[in-house]
Amino acid sequence: MEIQKEFKHLLSPFKIKGTTFKNRFIFLPHHTGYAVDEGYLANGLFSDRNVRHYVERAKGGAAAVTVSQNVDPDSQMSFRYVLGYEKRNEDNFRRLAEEAHQYDCKVITQLNHGGHTTLLNPPQLLVAPTQMNEPYCHFNTKELELDDMKRIKEYYIHSAAWQKELGWDAVELKIAHDGLLRTFVSPFFNRRTDEYGGSFENRMKYPLEIIEGIREAVGEDYPIGIRLCVDEFTWYGYSLEYGMKVAKALEAGGVDYISTDAGTFSSWYMQIPPSPLPLGWAVYESAELKKNVDIPIFAFGRINDPVQAETILAEKNADLIGMCRQLLCDPETPNKTMEGRVDDIRHCIGCNEACVGVDGIYVECIQNPGVGREKHLGIDTLDAAKEKKDVMVVGAGVAGLKVAELAAKRGHHVEVYEKSAQIGGQILLAEKIPYRNEMEEIYRYLRIQLQQSGVPIHCNTEVDDKKIKELKPQVLVIATGSEPLTPEYEGMQESGITVMTAKEAMQNVNRIGEKVLLFDDIGSWQGGGVADYCMALGAEVTVVCSAASVGVDIESGQAYLLTKRLYENGAEMIMNHTIHRFDGDKVIIENIYDHRHKALEGFDTVIIAGQSRSNNELYKCFKGSGAEVYSVGDCVAPRGVEQAIFEAEILARKI
């Protein structure tokens, strides 16, 4: 009862038309990439993987899951985007409704048409109200004819009515960060001169006709919602004031709720806002909607904590709480809230490294390997060990901590040894980078889990072969990480310039001078992120990068905002170059294409972000000893957090 009082809004039911939501947690729509693509006329199929993904959030306690779908076979944003009208999806659509309902979780269909936005390169055909491309993309469009519009409207209506028959509980149309319908309401994109363009009323006509058609097909008691971009955040687009005008027109047109959204493909860093945007950054948008319309409002925008969510509701800034990445990171957030296990919640850190990622093929999560792998790694899949063993983990970085967490939960007796004074490994350095402080959550969560399982962590304890032989563990897990390599350039030792790796710079801030050359030869946060850090300290920074841009292996939204900060703060950027040699106080760089040299001078510090080497000597020492010995994380090969945590999960389940 105390928990119910603490979260009296968040855990209370809410009714929209004939649908009652058991609490206020709504799993927001997203393109998972899990749909089956078997080629022409055999793509967009709702897969078993799709079903399990959404049922996992139902198991975790969400009041509703929202499934984004494409309505038109001729304008798919991706061939792995679920097709909402496809008859071959019937069995799995019906199965999702049945399985989600077992947990009193509603299923909302979000219907979208790709319009002028695409994840394909190149796309077959893009369409829009007017023939023009969106500035983010050079692919042009076909201007929709009236026959096209009629056909597309029928797809919307058919999909909504059909999925209602299959047991789904509400329908939502996307007038949001991508898709066709937002371009119809947009003064910039809609330059038609017929009845569907010109005035505001004409621009609203097409989406309102679709809403009217759906209402006739599904009845008065079936909720129809809109995911609405209320601010495009572009130089050419509409802003909050216009967004409110659209919202009022939608309410007058019979819409039952609005789910807040922002940004476009041209301001993609706002549509899936990464860590530089503060937690709850978009609450002001839902609050403004509450002032302007009288229908329920879903909040969104880096909401990752039940206390935060409860505050939003208590202050009447929204009626329901939209979460996507948070329920990817921890599907059990609602259940943990209801059970009073708030410290057990694993919080999304807004890194976007796996849910969006660089390739953007599948939705995953760096902290939760179960995303997209729910069948094997999801809720209730962790089995107790058949034989309980003494497990010694050497190294308290994220890989070692993750192995320890799951091995202990399976019943093993686990102890962790760490040579430094703190757990966290290289995350302790990563969290120092501007706008990356939330990385701390990764080891905070793991520390809480180990405390609850009674796992001792021996800090300031260096482990050698003698120590291991003395303790005689049944299982030895080596998670000793990696160390960066410092290339030996001609003339470097004689130059008088302080030369160090990115790791050394983060560990020894006093050694960073006033004029820094940062050589990014890896494309990750170790390059551009450390340059950002140096500039925050007040240094003048020149970035030399062997690639065509800084942060080529960083998610595009993060990379854009990082590069923008570097330029705005005065960094000089030299792309497609590498360090050739040192010549006294000069650094000679070389163009990777024409091999011409250029001398740079005036630096007191050179920081090199490059490759690392695994610290695996201890593993090699014991591997052939006959004992059960494993290596994990960077000790196997230097990689990212996602790979380390995934590998640790698989290993812990195997012990």
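Not measured: the values here are computed from a predicted model.
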Quiz item: Would you call R57-E374 a salt bridge at under 4.0 Å N-O?
Solution: yes
Quiz item: Ignoring hydrogens and geometry, is there a side-chain-to-backbone donor-acceptor pair from Y443 to G397 under 3.5 Å?
Solution: no
Quiz item: Ring centroid separation for H31 and Y81, is it under 6.0 angstrom?
Solution: yes
Quiz item: Is there a donor-acceptor pair under 3.5 Å between the side chain of R346 and the backbone N or O of N368?
Solution: no
Self-check item: Polar side-chain atom of D330 near backbone of Q326 as donor-acceptor pair, under 3.5 Å
Solution: no
Quiz prompt | Atom of S453, atom of K409 and distance for their closest heavy-atom approach | solution = OG-CG, 4.2 Å
Practice problem: Can you measure from NE2 (H113) to OG (S159) and round to the nearest 0.5 angstrom? | Solution: 11.0 Å
Practice problem: Test E440 against Y445 for side-chain hydrogen bond (donor to acceptor under 3.5 Å, both in side chains), laying out the working first. | Solution: CA-CA 9 Å; E440 179 269 342; Y445 169 79; over 6 Å; no
Self-check item: Audit row: R24, S12, side-chain hydrogen bond (donor to acceptor under 3.5 Å, both in side chains) steps and yes/no
Solution: CA-CA 7 Å; R24 310 297 180 89; S12 65; 2.9 Å; yes
Quiz item: With no hydrogens and no angle check, is any side-chain donor or acceptor of E310 less than 3.5 Å from a backbone partner on H9?
Solution: yes
Exercise. Check T264, T234, T117 against Y136 for a side-chain contact (heavy atoms from CB on, under 4.5 Å) and give me the one that passes.
Key: T117
Quiz item: Can you name the residues that form a side chain to side chain donor-acceptor pair (under 3.5 Å) with Q69, not counting sequence neighbours?
Solution: T109, Q163
Exercise. Flag the pair E90 and R94 as a salt bridge only when some basic side-chain nitrogen lies within less than 4.0 angstrom of an acidic carboxylate oxygen.
Key: yes
Quiz item: So, the side chain of K164 versus the backbone of V218: is there a donor-acceptor pair under 3.5 Å, distance only?
Solution: yes
Quiz item: Would you say the side chains of T66 and E172 form a donor-acceptor pair under 3.5 Å?
Solution: no
Quiz item: How many angstroms lie between NZ in K8 and CG in L11, if you round to the nearest 0.5 Å?
Solution: 12.5 Å
Quiz item: Taking the inter-plane angle between the rings of Y560 and Y269 on a 0 to 90° scale, is it parallel (under 30°), tilted (30 to 60°) or perpendicular (over 60°)?
Solution: parallel
Practice problem: Decide, yes or no, whether a salt bridge links E251 with K248 under the criterion of side-chain N to carboxylate O below 4.0 Å. | Solution: no
Exercise. For H376, enumerate each residue passing the side chain to side chain donor-acceptor pair (under 3.5 Å) test, keeping only those at least two apart in sequence or located in another chain.
Key: none
Quiz item: With a 4.5 Å limit on heavy-atom distance, are the side chains of I366 and I442 in contact?
Solution: yes
Quiz item: Judged by atom type as modelled, is there a donor-acceptor pair below 3.5 Å linking the side chain of R49 to the main-chain atoms of G372?
Solution: yes
Exercise. Give a yes or no answer on whether the side chain of N23 reaches the backbone of G61 with a donor-acceptor pair at less than 3.5 Å.
Key: yes
Quiz prompt | Between H347 and N304, a side-chain donor and acceptor under 3.5 Å | solution = no
Self-check item: L96 side chain reached by F46 side chain, heavy atoms, under 4.5 Å
Solution: yes
Quiz prompt | Polar side-chain atom of D261 near backbone of H177 as donor-acceptor pair, under 3.5 Å | solution = yes
Quiz prompt | Contacts of N317 that satisfy side chain to side chain contact (heavy atoms under 4.5 Å, CB included) - sequence neighbours left out | solution = V283, A287, I312, E315
Quiz prompt | 4.5 Å side-chain heavy-atom contact, Y54 and V107 | solution = no
Self-check item: Distance-only donor-acceptor check, side chains Q110 and S68, under 3.5 Å
Solution: yes
Quiz item: Salt-bridged, E98 to R95, with N to O below 4.0 Å?
Solution: no
Quiz item: Would you say C229 and I175 make side-chain contact, with heavy atoms under 4.5 Å?
Solution: no
Exercise. Using the ring of Y206 (Phe, Tyr or Trp, six-membered ring only), decide whether K153 places NZ or CZ under 6.0 Å from its centre and within 45 degrees of its axis.
Key: no
Exercise. Over 60° means perpendicular and under 30° means parallel, so classify the ring planes of W281 and F300, tilted if in between.
Key: perpendicular
Exercise. Could you tell me whether R302 and E438 have a side-chain N and a carboxylate O separated by less than 4.0 Å?
Key: yes
Exercise. Please examine the side chains of F646 and E364, heavy atoms only from C-beta on, and report whether any two atoms are closer than 4.5 Å.
Key: no
Quiz prompt | Note, I321 side chain near L10 side chain (heavy atom, < 4.5 Å) | solution = yes
Practice problem: Quick one: closest heavy-atom pair of N43 and L83, and the distance? | Solution: O-CD1, 3.4 Å
Practice problem: To the nearest 0.5 Å, tell me how far L320 CG sits from S259 OG. | Solution: 9.0 Å
Practice problem: Using the six-membered ring wherever Trp is involved, compare the ring planes of Y257 and F298 and label them parallel, tilted or perpendicular (cut-offs 30° and 60°). | Solution: parallel
Quiz prompt | E56 side-chain N/O to I379 backbone N/O, donor-acceptor pair under 3.5 Å | solution = yes
Quiz item: Is it the case that E232 and Y242 place a side-chain donor and acceptor less than 3.5 Å from each other?
Solution: no
Quiz prompt | D383 bridged to R410 by N-O distance under 4.0 Å | solution = no
Quiz item: Mind checking whether H30 and V363 have side chains closer than 4.5 Å, heavy atoms only?
Solution: yes
Quiz item: Are the aromatic ring centres of F14 and F21 under 6.0 angstrom apart?
Solution: no
Practice problem: Give the C-alpha distance, both sets of side-chain angles, the deciding distance and a yes or no for side-chain contact (heavy atoms from CB on, under 4.5 Å) between R182 and Y238. | Solution: CA-CA 11 Å; R182 194 193 82 252; Y238 64 77; 3.6 Å; yes
Quiz item: Are the charged groups of D48 and K375 less than 4.0 angstrom apart, N to O?
Solution: no
Quiz item: Among side-chain atoms of N112 and D178, is any donor-acceptor pair under 3.5 angstrom?
Solution: yes
Quiz item: If we ignore angles and hydrogens, is there a donor and acceptor under 3.5 Å between the side chains of Q449 and D344?
Solution: yes
Self-check item: Side chain Y34, main chain Y362, donor-acceptor under 3.5 Å
Solution: no
Practice problem: Decide side-chain hydrogen bond (donor to acceptor under 3.5 Å, both in side chains) for H101 and D169; before the verdict, give the C-alpha distance in whole Å, the side-chain angles of both, and the deciding distance to 0.1 Å. | Solution: CA-CA 10 Å; H101 290 165; D169 303 286; 2.7 Å; yes
Self-check item: NZ/NE/NH1/NH2 to OD/OE distance under 4.0 Å, E353 and R436
Solution: yes
Quiz item: When you check the gap from the basic side-chain N to the acidic O, do E441 and R444 get nearer than 4.0 Å?
Solution: yes
Quiz item: Is the shortest side-chain N to carboxylate O distance from K22 to D104 below 4.0 Å?
Solution: no
Exercise. Determine, using ring centers only, whether F93 and W168 are less than 6.0 Å apart.
Key: yes
Exercise. Mark yes when over 12 heavy atoms from residues, nucleotides or ligands other than Y435 sit less than 6.0 Å from its OH; otherwise mark no.
Key: no
Exercise. Answer yes when D256 and R215 have at least one side-chain N-carboxylate O distance shorter than 4.0 Å, and no when they do not.
Key: yes
Quiz item: Do the side chains of I226 and L181 get nearer than 4.5 Å, heavy atoms only?
Solution: no
Exercise. Find the distance between CD1 (I26) and SG (C105) and round it off to the nearest 0.5 Å.
Key: 8.0 Å
Quiz prompt | Steps toward side-chain hydrogen bond (donor to acceptor under 3.5 Å, both in side chains) verdict (R341, N335) | solution = CA-CA 8 Å; R341 298 163 50 212; N335 283 346; over 6 Å; no
Quiz item: Does E649 come within less than 4.0 Å of R653, counting only side-chain N to carboxylate O?
Solution: yes
